[in-house]
Amino acid sequence: MKLKIYNSKSRSKENFNPINKNEIKMYVCGPTVYDRAHIGNARPVIVFDLLYRLLRLIYNDKSITYVRNITDVDDKIITRSINENKPVNDITSETIRWFNEDNDYLNVLKPTHEPKATQYISQMISMIDKLVSKNNAYVLNDGEVLFSVNSFDNYGSLSRQNLKSMNVGNRVEIDKRKKNPLDFVLWKPADKNNIGWNSPWGYGRPGWHIECSAMCKELLGGSFDIHGGGIDLLFPHHENELAQSICANDTKLLANFWVHNGFVNIEGQKMSKSLGNYLTVEDLRKKDIYGAVIRFVLLSTHYRQPLDWTNRKVSEAQNILTKWLSLFDKKDVPIHGKPTKKILEALCDDLNSPLVLTEMHNLLKIEDFDGFINSMVFLGFTSNELNKKSNKKNKFDENNIHELINDLILARQTARDNKDYRKSDEIRNRLEKAGVSINDLGENTKWTLKPFFNPKKLLEEN
RNA sequence: GGCGUGUUGGCAGAGUGGUGAUGCAGCGGAUUGCAAAUCCGUUAACACGUGUUCGAUUCACGUACACGCCUCCA
């Protein structure tokens, strides 16, 4: 199966050909750990998890190296550290723990490496040193080191920015010390009381972009296959990363494929803290919106399109997944975790996940339960959280609840036998309000619990 | 101002130079005491204009509108 991926570099879908067939390498920009991950952070995590699963299937499991970094030194972290009077390390380690919990909740596979920026300071320093010695960077009096974009001919080629016509200085005041307003920080001096490291240019800390260059060099080498992240990173982050890596590594190529996912909106609006429409994975978890549902919603729009997160989509996903996940209990098929051919085809066409979901519907229509369940497993919709959750909720007196439901069903049946339909409908309403759905199948009545089953409502008289 | 993306039926959302997306909702039917669930069937769309073509929702150009990046950001 030929994998095609849209390459931001060429602005077109290309056949994916690994640099080395026996060793495929992917680097994805991970989170800055200063706060809970929001669904905008979750989108690339899910998208590149899917790509990772696909690569593992097409090539050999062990031949894929997937690196997703953690930015654990940054202005936002330091600001929080000062405001809350907490050590930087406390903030970052707690946030990393949250991030991991969220990813488990979303059933995301562990990357091969999850390097932290602070563990690669020496590599960053030697890279900056090399850039200075090659005149790709210059040092200011106060010890700030800047990359000189004029020193790299191809600067702007990835994001197709024309340096001269860019509206530099319109939104941010131009730093007069810079040779070119677009020159960016490699190393900046820091206050002795703040987090920092000693360097040839004095005590300080790295700029934002250099960490990725240092870590991908260290873990993947000078050139690798796929570099991913959110579309907002294309400029300036990836442009800068490319420039400094090419110059420091003396290579021509950093990444063969640049892959970017679109942004997340909430109910048609840009997600932002000031609008109060900022949704974290934790928020959703507290509202009993399960990981599989979040995964479903995030995959229901193609990764390059903007995704609109709406309550309507969430409840649609809940309804569909309630049915889909219940099949794990109903159908006993051998689990091998391989998707069907059509699903593989859809994925190989630039990760067409909406088409994948369509194919899932088709599999049910043609009653290919083996294909269906194993595709579910492959896509990461495995954990039967809906059932787990409803069991947990009723645990306090599960038997009593089941007994109560069975009593009510029996009472309803008796009423029906006596043709007392007013009474039987009353009982049915009560059950349905509580989240018990009734299925009359000939002589028998079966009941199932809906995702938001609330046992308390069973006890309420109408 | 520069760079880029998008506009598909009531909603969501793929895709295609000529024929079916799909899901939800709607409508009709089977089923039911009536429902729900399920099953069967079904309506309905390609922003606008010009061009290329035997044929354009699909290609090209233009217009309008929307959105993103150019500042930290996934």
Side-chain angles (χ1 to χ4, degrees), chain A residues 6 8 11 28-32 34-35 37-48 68 71 74-77 79 156 158-173 181-182 184 208 228-239 260-265 268-273 296-308 310 312-317 319-320 322-323 346 349-350 352-362 364-365 415-422 424-425 428-429 431-432 436-442 445-448 450:
Chain A
Y6 183 90
S8 300
R11 299 271 155 84
V28 174
C29 289
T32 301
Y34 69 104
D35 206 354
H38 51 70
I39 51 175
N41 299 110
R43 191 177 191 192
V45 168
I46 297 277
V47 164
F48 289 101
R68 189 185 58 212
T71 302
D74 168 271
D75 288 349
K76 289 190 289 290
I77 300 171
T79 305
L158 176 64
S159 56
R160 307 210 181 164
Q161 296 291 334
N162 182 337
L163 268 60
K164 283 185 185 146
S165 51
M166 277 181 72
N167 201 13
V168 175
N170 187 28
R171 297 163 78 185
V172 175
E173 207 177 324
L182 289 169
F184 54 91
W208 172 39
I231 185 67
D232 58 314
L233 295 178
L234 180 58
F235 189 90
H237 181 56
H238 287 160
E239 192 70 55
H260 295 101
N261 64 272
F263 255 41
V264 175
N265 293 324
Q269 276 187 313
K270 188 176 170 162
M271 180 167 69
S272 79
K273 282 184 174 167
F296 187 100
V297 173
L298 291 178
L299 292 179
S300 65
T301 297
H302 184 89
Y303 77 91
R304 280 194 281 123
Q305 297 302 120
L307 183 142
D308 196 15
T310 62
R312 189 175 171 156
K313 278 185 190 168
V314 170
S315 56
E316 232 180 81
N319 288 337
I320 291 167
T322 303
K323 285 178 211 161
D349 185 12
D350 195 30
N352 192 338
S353 55
L355 190 58
V356 165
L357 298 179
T358 294
E359 281 306 319
M360 293 298 285
H361 286 291
N362 288 341
L364 288 188
K365 206 169 235 175
R416 291 178 75 204
D417 290 344
N418 295 333
K419 297 203 197 285
D420 184 355
Y421 295 122
R422 232 192 72 166
S424 69
D425 287 354
R428 183 174 65 199
N429 284 340
L431 285 163
E432 282 187 341
V436 184
S437 61
I438 306 296
N439 296 302
D440 291 333
L441 302 163
T445 297
K446 278 190 140 189
W447 57 268
T448 46
K450 289 182 181 175

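Quick note on labels: first sequence line is chain A, next is B, and so on, each numbered from 1.
Here A/Arg43 lies out of heavy-atom contact (under 4.0 Å) with every strand. Within 4.0 Å of A/Val264, counting heavy atoms only, lies at least one base atom of the nucleic acid. Within the nucleic acid shown, A/Ile39 has no heavy atom closer than 4.0 Å to any nucleic acid atom. As judged by a 4.0 angstrom heavy-atom cut-off over every strand, A/Lys270 is placed among residues touching the sugar-phosphate backbone only. Residue A/Phe235 is in sugar-phosphate contact alone, with no base atom involved, counting any heavy-atom pair closer than 4.0 Å across all strands shown. At a threshold of 4.0 angstrom between heavy atoms, the contacts of A/Asp425 include nucleobase atoms, whether or not backbone atoms are also involved. At a threshold of 4.0 angstrom between heavy atoms, the contacts of A/Ser315 with the nucleic acid are absent. Residue-level contact check: A/Met271 touches the bases, meaning some heavy atom is under 4.0 Å from a base atom.
The backbone N or O of A/Leu355 sits less than 3.5 Å from a side-chain atom of A/Asn352, completing a donor-acceptor pair. Within the 3.5 Å criterion, the main-chain N or O of A/Phe263 finds a donor-acceptor partner in the side chain of A/Arg43. Between the side chain of A/Asn41 and the main chain of A/His38, a donor-acceptor pair closer than 3.5 Å is present.
Using C1' as the reference atom, B/U16 and B/A45 are 14 Å apart when rounded to the nearest Å. To the nearest whole angstrom, the two P atoms, one in B/U52 and one in B/G20, are 27 Å apart. A gap of 23 Å separates the C1' atoms of B/A47 and B/U43, to the nearest Å. Taking atom P on both nucleotides, B/A56 is separated from B/C72 by 48 Å, rounded to a whole Å. B/U42 and B/A21: their P atoms are spaced 11 Å apart (whole Å). Between B/G9 and B/C46, the distance separating the two C1' atoms is 9 Å to the nearest Å. Between the C1' atoms of B/A74 and B/G68, the separation comes to 13 Å (whole Å). For the P atoms, the distance from B/A66 to B/C27 is 35 Å, rounded to whole Å.
Taking A/Ser315 as the reference, A/Gln318 meet the side-chain contact (heavy atoms from CB on, under 4.5 Å) condition, with sequence neighbours excluded. Evaluation of the ring-ring contact (aromatic ring centres under 6.0 Å, His included) rule for A/His237 yields A/Trp208, A/His209 as partners, not counting sequence neighbours. Applying the side-chain contact (heavy atoms from CB on, under 4.5 Å) criterion to A/Phe235, with sequence neighbours excluded, gives A/Tyr155, A/Ser159, A/Gln161, A/Met166, A/Leu182, A/Glu239.
The existence of a salt bridge linking A/Lys313 and A/Asp308 is excluded, since no basic side-chain nitrogen approaches an acidic carboxylate oxygen closer than 4.0 Å.
Relative to the side chain of A/Pro44, the nucleotides B/U22, B/G33, B/A74 differ in distance, and B/A74 lies closest. Distances from the side chain of A/His361 to the nucleotides B/C69, B/U22, B/C72 place B/U22 closest.
Straight-line distance from the CG atom of A/Leu234 to the P atom of B/U5: 11 Å, rounded to whole Å. The NE2 atom of A/His238 sits 16 Å away from the C1' atom of B/G4 (whole-angstrom rounding). Between the CG atom of A/Leu158 and the C1' atom of B/C70 there is a distance of 14 Å, rounded to whole Å. A/Asn265 places its CG atom 12 Å from the C1' atom of B/G6, with the value rounded to the nearest Å. Between the CZ atom of A/Arg304 and the C1' atom of B/C67 there is a distance of 16 Å, rounded to whole Å. Distance, A/Phe296 CZ to B/G23 C1': 8 Å, rounded to whole Å. Nucleotide B/A74 holds its C1' atom 11 Å from the NZ atom of A/Lys76, rounded to whole Å. Taking atom NE2 of residue A/His260 and atom P of nucleotide B/U5, one finds them 14 Å apart after rounding to whole Å.
Here the CG-CD1 distance, from A/Asn261 to A/Ile231, works out to 8.0 Å after rounding to the nearest 0.5 Å.
Remark: RNA chain B forms stems of 3 or more consecutive Watson-Crick or G-U wobble pairs, all pair distances under 3.5 Å, at B:1-7 with B:64-70, B:10-12 with B:22-24, B:26-30 with B:38-42, B:47-51 with B:59-63.
With a 6.0 Å cutoff to the six-membered ring centre and a 45° limit on the axis angle, A/Arg416 does not count as a cation-pi contact of A/Tyr421.
Across every non-hydrogen atom of A/Gln305 and A/Thr301, the tightest pair is CB-CG2, 3.7 Å. Here the closest non-hydrogen pair linking A/Ser8 and A/His260 is OG-ND1, 2.7 Å. Of all heavy-atom pairs between A/Leu307 and A/Val297, the closest is CD1-O, 3.5 Å. Between A/Asp350 and A/His302, the shortest heavy-atom contact is O-CE1, 2.8 Å.
With centres under 5.5 Å and a plane angle under 30°, the ring of A/Tyr421 is stacked against the base of B/G33.
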Could you pull out the protein-nucleic contacts involving nucleotides 10-15 of chain B (nitrogen or oxygen on both sides, under 3.5 Å)?
unit_1 : atom_1 : unit_2   : atom_2 : d
B/G10  : N2     : A/Arg312 : NH2    : 3.3
B/A12  : O3'    : A/Lys313 : NZ     : 3.2
B/G13  : OP1    : A/Thr301 : OG1    : 3.4
B/G13  : OP1    : A/Lys313 : NZ     : 3.0
B/A14  : OP1    : A/His302 : N      : 2.7
B/A14  : O3'    : A/Asn352 : ND2    : 3.1
B/A14  : O2'    : A/Asn352 : ND2    : 3.4
B/G15  : OP1    : A/Asn352 : ND2    : 3.2

Find every protein N or O atom lying less than 3.5 Å from an N or O atom of nucleotides 35-41 of chain B, and list the pairs.
unit_1 : atom_1 : unit_2   : atom_2 : d
B/A35  : N6     : A/Asp440 : OD2    : 2.9
B/A35  : N3     : A/Arg428 : NH1    : 2.9
B/A36  : N3     : A/Ile438 : O      : 3.1
B/U38  : OP1    : A/Lys323 : NZ     : 3.3

Exercise. Verify side-chain hydrogen bond (donor to acceptor under 3.5 Å, both in side chains) between A/Asp74 and A/Thr32, making sure each step is shown before the conclusion.
Key: CA-CA 8 Å; A/Asp74 168 271; A/Thr32 301; 4.8 Å; no

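A sub-4.0 Å separation between OP1 or OP2 of B/A74 and a side-chain N or O of A/Thr32 is present.
Of the two residues near RNA chain B, A/Gly30 and A/Arg11, the one whose nearest nucleotide lies more 5' is A/Arg11.
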